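See below for the structure under consideration.
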Amino acid sequence: MERHGSSTPEEAREAALEHYPYEPDGAPYRGLVFHDEAWHWAMLAIHGDRYAVEHPGPAQPPPEYGDVG
């Protein structure tokens, strides 16, 4: 959200928690609540429902996205 949506780090964190709540390790059904990864939710928030068509550049996360966390 910082790179593609020009959000500050604080705004990005707040938006991420709002759209994609954190599920701690060991939480029952972790990963089943949301079947799409956080990247998808961020791009929806920034570009809207048709982001993959209208903004094909960020349709897939960059390789370094998998290295976060």
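Worth saying up front: this structure is predicted, and the values here are computed from it rather than measured. This chain uses plain numbering: 1 for the first residue, then up along the sequence.
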**Complete:** The reported gap from NE2 in His4 to NE2 in His55 (rounded to nearest 0.5 angstrom) is 11.5 Å

**Asked** When rounded to the nearest 0.5 angstrom, what distance separates CZ in Arg3 from CD1 in Ile46?
**Response** 11.0 Å

**Complete:** Ala12 and Ser7 have their tightest heavy-atom pair at N-CB, 4.0 Å

**Request:** Decide if atom CD of Glu11 counts as having more than 12 heavy atoms of other residues, nucleotides or ligands within a radius under 6.0 Å.
**Result:** yes

**Asked** Do Leu44 and Tyr51 touch side chain to side chain, with heavy atoms closer than 4.5 Å?
**Response** yes

**Message:** With rounding to the nearest 0.5 angstrom, report the CG to CD distance, Asp49 to Glu54.
**Reply:** 9.5 Å

**Request:** Could you tell me which non-hydrogen atom of Ala42 sits nearest to which non-hydrogen atom of Met1, and how far apart they are?
**Result:** CB-CG, 3.6 Å

